[in-house]
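Input: a single structure, listed below in structure tokens.
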Amino acid sequence: MFTLIVSQAIRFGIVFLYGSTGEIIIEKSGHLNLGIPGIMCLGAVGGCIGANLTFSSGSVFLTILTAVALSMLFAGLGGALYGLFTISLRCNQNVTGLTITTFGAGVLGFWGSKMGRLGTTFYVASKPFSAPMFGNNIGSDWFSSIFLSHGPLVYLGIAIAIIVAIILKKTRTGLSLNAVGENPAVADASGINVNKYKYIACILGSGISGIGGAFYILDCTRGSLEYVIEAMGWLSVALVIFSLWKPSISILGSFIFGVLYILPNYISGVGFADKELLKIIPYLVTALVLIIISFFKKKETQPPSSLGLSYFREDR
Amino acid sequence: MFNTKREPLFHLVKRIDVSKKYAWAIRIGAFLLSILVCAAVSALLTEKSMGFFFKYLINGTFGTKRTIWNLFHETAILLLVSIAVTPCFKMKFWNIGGEGQILMGALGCSVALVFMGGQSSDGVTIFVSLVLAFAFGIAWAVIPAFFKARWNTNETLLTLMMNYIAICLVNYFIKSVASSSTGTLTFKEGLVEPLGGNQYILFIIVAVVLTVLMWVYLKYSKHGYELTVVGESENTSRYVGINNKLVIIRTLILCGALCGLIGFLLVSGVNHSLGDATVEGRGFTGLLISWLAHFNPLAMGLASFLFVFIDNGSSQVSNYARLGASYPKVMTGIFFFFIIATEFFINYRIVFKKKKVKEITDNEDTISGETEPMKDEIETDKGNTKENINEEIVKEKV
């Protein structure tokens, strides 16, 4: 029972991990992308299309590759649209983000109902995603069932989070991205191409978040189209704050969010009402983290200073 | 490094004085364009002509007496929501928690209805539910305001989280009152009676009255002036002796009260039920409309109307072409994209590269052409001064 909860928590947590890793990259460039829920929906659409396109070839690798590539493409297009509006056209970020969320959720719902009418399902195509990456004969001890029983995208998600953490912390690119998010005018003056960084962050970050949406449909629900991705997207945005804009912390945070997300399904002897109350915890904890970090005003734990502001070079 | 050594093909200049005619021409053009794009997308999806889209768009909005009432009723609700969040935005307080504040108002109203409905007289129940709706809405708005004023907590993210806490609380309340319910509570007693037998008119009257009052409040009252100054520059407002913290909290109390009122009207006057989807995302839509209308009440009314026009109309299109319930979301998304983009064309002007500038750039290029990692800093310095010079030249030319 315990191992089941832990392994399921890791699995659902990965959805948040993808979403938050992507959002961290975007927020580091100074853009609060409230469109992440919609972008994850777009990613889910892309992933399902990609998986259905190539699963008949029988190659596990090819199926996963096309699904990931198409989900990144769809989500990246959403991110590019967000970038076009907020970076080049300098429109308000919150307004643009919320519009992307409406649009993305609408596209997923619309496309999903069309697939339903056509009778297209994704159960077969989802098999390579939910099957354990290390084969079925991994043993049944607690270690294997917690750490080795997952589909390949789980490990990909953790790998991406670690790579992003290293890039942000240890490389020059990461430092420049930080500078762009903290003070774009200074970054510009020191010779960093601000818009290039912002665009790459928006598109790449959205692409990574998009895999999260595809992962949810293809792995967590085994191919059944569920429309809770929007809610999961908001939890990913919450996770960014919870993990203080650090992908390394968000690996742990995603597990905690995963536990909180699935726990109501596994607790017995608790009324329906109390289960609803349990669902508050991730949001409540995030709100508390947000308040507590504002008490201390430590530089390391603050949001990027120019988060939410458009950069126009000629402004003073 | 990524320093560009070429002067880009064009660059942007902020417009200082925008004529109203020009701004409105762009907005109307964007709206017409968005309708055309919606029609084209629908024609692609349904494999029917664009006329089909327009036919049912009009049919779903101005087709019958009921759809016309519905159109204005929905417009009134949306207008009221955007009016409620407007003072916050004018103060540059990013309250995206309108959704949660309205939902809490609805919850407050429902608490009164559950425990008093049918037991006290209708008048008392209505009064108590209104008071509770105000209290819950205000509480949900004041919490982020307090932390923003006292510790400068990021209000965008905090209000976002509080939306979801509100949704969870509503679900908790519904499940704890009626554990077998499907997620909505329905009420039969202690509700606001339809005015003159018309269930739509109440919201429309309230919306019109409050819009006028809010316009006066923002434009002519001292409070309105103070919150505008706080929004423009917090340092300036401190300098002229405005108590920033007080203004923030006071404005959010007003916003919370209005949101509570909307929640009360939605539960007691319109839906006669409570569910986590009572607000239907209007908190977010109202925010978009308030921002895009630049806090101008008349423009807000028009924008709400156009939004509801596309929303209602395209849901009629989707009914007849079997496009599913999410189709109107796609259409309104397209509508908003076009309207958001107008902001850019109203606020900025594109200036194309002049010939003389190009020559200078070319000369400079040859000088700073040798790119060695060691010379990075020197080179970037040069690049920037060069760019500045070029910009100045362009400015002078303009």
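Chain naming here is simple, since letters A, B, ... match the order of the sequence lines and numbering starts at 1 in each.
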Q) With side chains defined as the heavy atoms from C-beta onward, is the minimum distance between A:V95 and B:E343 less than 4.5 Å? A) no
Q | Side chain, backbone, both or neither of A:E230 within contact of chain B (heavy atoms, under 4.5 Å) | A | side chain
Q. Chain A: which of B:L292, B:N347, B:T332, B:I165 shares the most heavy-atom pairs with it under 4.5 Å?
A. B:I165
Q: For each of B:L288, B:T285, B:I334, tally heavy-atom pairs with chain A at distances under 4.5 Å, and name the one with the top tally.
A: B:L288
Q: Measure distances from A:L81 to the heavy atoms of chain B and classify the residue's part below 4.5 Å as side chain, backbone, both or neither.
A: side chain
Q. Is the distance between the ring centroids of B:F337 and A:F85 less than 6.0 Å?
A. yes
Q. Who among A:L34, A:T102, A:V107, A:L84 has the most heavy-atom pairs with chain B under 4.5 Å?
A. A:T102
Q | Which portion of A:I241 sits near chain B, non-hydrogen atoms under 4.5 angstrom | A | side chain
Q.
Under a 4.5 Å cutoff for heavy-atom pairs, which residue among B:Y164, B:F173, B:F345, B:F147 has the most contacts with chain A?
A. B:Y164
**Q.** Nearest heavy atoms of A:Y197 and A:T173, plus distance in Å
**A.** CE2-O, 3.6 Å
Q) By a 4.5 Å heavy-atom criterion (distance strictly below it), what part of B:L158 contacts chain A: side chain, backbone, both, or neither? A) both
(Q) Please check: side-chain N/O of A:S294 versus main-chain N/O of A:I291, any donor-acceptor pairing under 3.5 Å? (A) yes
Q: With a 4.5 angstrom heavy-atom cut-off, could you sort out which part of B:I167 is near chain A: side chain, backbone, both or neither?
A: neither
Q. Going by the angle between their ring planes, with limits at 30° and 60°, are B:W291 and B:F295 parallel, tilted or perpendicular?
A. perpendicular
(Q) Can you tell me which portion of B:T156 sits under 4.5 Å from chain A's heavy atoms? Options are side chain, backbone, both or neither. (A) side chain
Q. Quick one: do the A:S113 and B:Y327 side chains pair a donor with an acceptor below 3.5 Å?
A. no
Q.
Checking A:S88 against A:N195 for the side-chain contact (heavy atoms from CB on, under 4.5 Å) test, could you report, in this order, the C-alpha distance in whole Å, the side-chain angles of both residues, the deciding distance, and whether it holds?
A. CA-CA 8 Å; A:S88 291; A:N195 280 359; 5.5 Å; no
Q) Is the shortest heavy-atom distance from the side chain of A:F257 to the side chain of A:S20 under 4.5 Å? A) no
Q) Can you tell which of B:N152, B:L45, B:I96 has the highest number of heavy-atom pairs within less than 4.5 Å of chain A? A) B:L45
